[in-house]
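A quick write-up on the structure given underneath.
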Amino acid sequence: MHEELLLVEPRGYASGAFTRLKAARLRSRAAIRTAVSRYQREAHYGRHAVWIAPSVPAMQLLIDALPRRPVGDQRLLSLEGVDRSRHGLLHVLFRFVVSAEEGVRLLPVDELAEVLGSAYREDLFIGVAFARADASAVLYRGNLEPLVVPLSWFRQRPGGPEADVSELVVTDFGQTVRLGAYEAATDAILYEFDEEFRRRAKKRQLQADHSFGGGLRRLRLQKGLRQSDFPGITAKEIARIERGEVRKPHPRTLTAIAKRIGVSADQISTF
């Protein structure tokens, strides 16, 4: 991962949902211009920046401070509305622009912050747009890179639900794409459409196959359970376990998981 998170946070407009996010907090034009200058100097190192504008004042401050020319590989995530007359300008200044106003369905803010803070955010999705005319889904990764997936890929499984494109969303902290009752795992999509991800996945396949998180995710999906279906355990905690960020879950957590998926405590410990 070669990008830094830059959170535009004007004075008086703190973003509570991003309190724990490890990001540079830029509160003035001078701070933004300093960050831009730094990335101009470091562009040849292959680094890029993910800018986050959580509010209208944040977007206004960012636009006022940026030079009117592209500056390296800059990416923008806008959580609030943007004046439509500015869309063209933003797409000139930034390599990728992800904005809910442009038809993108983003994760809930708390889940979005969790994905952005993940060391593996490029392997998680933060939002999706439905390209109706081209019968495709445009999925946006945690580093804001888009991935186009034809809707024909979401094939109905024998005895399973049919994909409902009218309810196309990203869920489970970026780990699942849901089309109504139909679900597809993010890693399965990336494995199919991203050669670089496929190479990384093959390298860690042996470890993943024997990890507790990998075993839990496979069994949870087999049971048709969602990450929020574990009483006493938050969906965020289940997501972290499945991503391998919690190596040794608490014994009480293991007991609760085992009870919900219908296995013994001894069996759960062998995942």
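Computation of the quantities below employed the complete heavy-atom set of this structure, encompassing side-chain atoms and omitting hydrogens, waters and symmetry-equivalent molecules. Numbering of residues begins at 1 and proceeds along the displayed sequence.
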Subject >> Shortest non-hydrogen contact between Ala17 and Ala113, atoms and distance >> reply: O-CB, 3.5 Å

Original post:
In Å, rounded to the nearest 0.5 Å, how long is the span from CG of Leu5 to CZ of Arg75?
Top reply: 11.5 Å

Original post:
Linking I/L/V/M/F/W/Y whenever any side-chain heavy atoms sit under 4.5 Å apart, do Leu147 and Phe154 land together?
Top reply: yes

Original post:
Can a salt bridge be assigned to the pair Glu242 and Arg220 using a cut-off of 4.0 Å between side-chain N and carboxylate O?
Top reply: yes

Original post:
Taking C-beta and beyond as the side chain, do Leu93 and Gln74 meet within less than 4.5 Å on heavy atoms?
Top reply: no

Subject >> Exam field: side chain Thr253 to backbone Pro249, donor-acceptor pair closer than 3.5 Å >> reply: no

**OP:** Mind listing the closest non-hydrogen atom pair of Leu90 and Met59 along with its distance?
**Re:** CD2-SD, 4.4 Å

Subject >> Path from Leu6 to Tyr13 over hydrophobic side-chain contacts below 4.5 Å >> reply: no

Subject >> Spatial distance of atom CG (Asp110) from atom OG1 (Thr234) [nearest 0.5 Å] >> reply: 10.0 Å

Original post:
Is there a side-chain contact (heavy atoms from CB on, under 4.5 Å) between Phe230 and Ile261 once you walk through the steps?
Top reply: CA-CA 9 Å; Phe230 293 80; Ile261 60 180; 3.8 Å; yes

Subject >> Spacing of Arg132 atom CZ and Leu168 atom CG [to the nearest 0.5 Å] >> reply: 10.5 Å

**OP:** Evaluate the side-chain proximity of Leu124 to Ser118: yes if any heavy-atom separation is below 4.5 Å, no if none is.
**Re:** yes

Subject >> Leu7 and Leu26: CA distance, side-chain angles, deciding distance, side-chain contact (heavy atoms from CB on, under 4.5 Å) verdict >> reply: CA-CA 6 Å; Leu7 180 63; Leu26 308 178; over 6 Å; no

Subject >> Straight-line distance of Glu9 CD to Arg25 CZ, nearest 0.5 Å >> reply: 5.0 Å

**OP:** Keeping the roles fixed (side chain from Arg86, backbone from Ile63), state whether a donor-acceptor pair exists under 3.5 Å.
**Re:** no

**OP:** Kindly determine whether Ile257 and Ile241 satisfy side-chain contact (heavy atoms from CB on, under 4.5 Å), including the steps that lead there.
**Re:** CA-CA 11 Å; Ile257 290 174; Ile241 293 172; 4.2 Å; yes

Original post:
Judged by modelled atom types alone, do Asp134 and Ser136 share a side-chain donor-acceptor pair under 3.5 Å?
Top reply: no

Original post:
Out of curiosity, Glu167 CD to Arg105 CZ, how far, rounded to the nearest 0.5 Å?
Top reply: 8.0 Å

Original post:
If you take all heavy atoms of Val128 and Ala137, which pair is closest and at what distance?
Top reply: CG2-CB, 4.2 Å

Subject >> Min side-chain heavy-atom separation Leu116-Lys22 under 4.5 Å >> reply: no

**OP:** Return the minimal non-hydrogen interatomic distance between Arg27 and Ala31, and the atom names on each side.
**Re:** N-CB, 4.3 Å

**OP:** Under the side-chain hydrogen bond (donor to acceptor under 3.5 Å, both in side chains) rule, collect the residues that match up with Ser85, sequence neighbours excluded.
**Re:** Asp83

Original post:
Heavy atoms, side chains only, cut-off 4.5 Å: are Leu190 and Phe125 in contact?
Top reply: yes

Original post:
CZ/Arg199 to CG/Asp194 distance, rounded to the nearest 0.5 angstrom?
Top reply: 8.5 Å

Original post:
Tell me, do Leu79 and Phe18 make a side-chain contact under 4.5 Å, heavy atoms counted?
Top reply: yes

Original post:
Are the side chain of Arg198 and the backbone of Tyr191 linked by a donor-acceptor contact shorter than 3.5 Å?
Top reply: yes

Original post:
For the hydrophobic clusters of this structure (ILVMFWY residues joined by side-chain heavy atoms under 4.5 Å, transitively), does one cluster hold both Val169 and Leu139?
Top reply: no

Subject >> Smallest separation among heavy atoms of Pro54 and Glu80, with atom names >> reply: O-CG, 3.2 Å

Original post:
Quick one: side chain to side chain contact (heavy atoms under 4.5 Å, CB included) partners of Val92, sequence neighbours excluded?
Top reply: Pro70

Original post:
Between Glu114 and Arg243, is there a salt bridge with N-O shorter than 4.0 Å?
Top reply: yes

Original post:
Is any side-chain heavy atom of Pro10 less than 4.5 Å from a side-chain heavy atom of Gln60?
Top reply: no

Original post:
Taking 4.0 angstrom as the limit, do Arg38 and Glu4 come out as a salt bridge?
Top reply: yes

Original post:
Do Glu237 and Gln227 get their side chains close enough for a donor-acceptor pair, meaning under 3.5 Å?
Top reply: no

Original post:
Above 12 or not: heavy atoms from other molecules or residues under 6.0 Å from CD of Glu245?
Top reply: yes

Original post:
Between Thr186, Val98, Val115, Asp123, which is the residue that forms a side chain to side chain contact (heavy atoms under 4.5 Å, CB included) with Arg141?
Top reply: Asp123

Original post:
Between Val138 and Pro146, what is the shortest heavy-atom contact and its length?
Top reply: CG1-CB, 4.0 Å

**OP:** Would you kindly check if the NZ (Lys) or CZ (Arg) of Arg157 is within the cone defined by 45 degrees around the ring axis of Tyr182 and under 6.0 Å from the six-membered ring centre?
**Re:** yes

Original post:
Looking at side-chain heavy atoms only, is the closest gap between Trp51 and Ile32 below 4.5 Å?
Top reply: yes

Subject >> More than 12 heavy atoms of other groups within 6.0 Å of Arg68 CZ >> reply: yes

**OP:** State, yes or no, whether a side-chain contact exists between Phe173 and Glu111 at a heavy-atom distance under 4.5 Å.
**Re:** yes

**OP:** Give a yes or no on whether a salt bridge exists between Arg226 and Asp172, defined as a side-chain N under 4.0 angstrom from a carboxylate O.
**Re:** no

**OP:** Check the pair Leu77 / Tyr140 against side-chain contact (heavy atoms from CB on, under 4.5 Å), numbers first and verdict last.
**Re:** CA-CA 10 Å; Leu77 173 62; Tyr140 292 94; over 6 Å; no

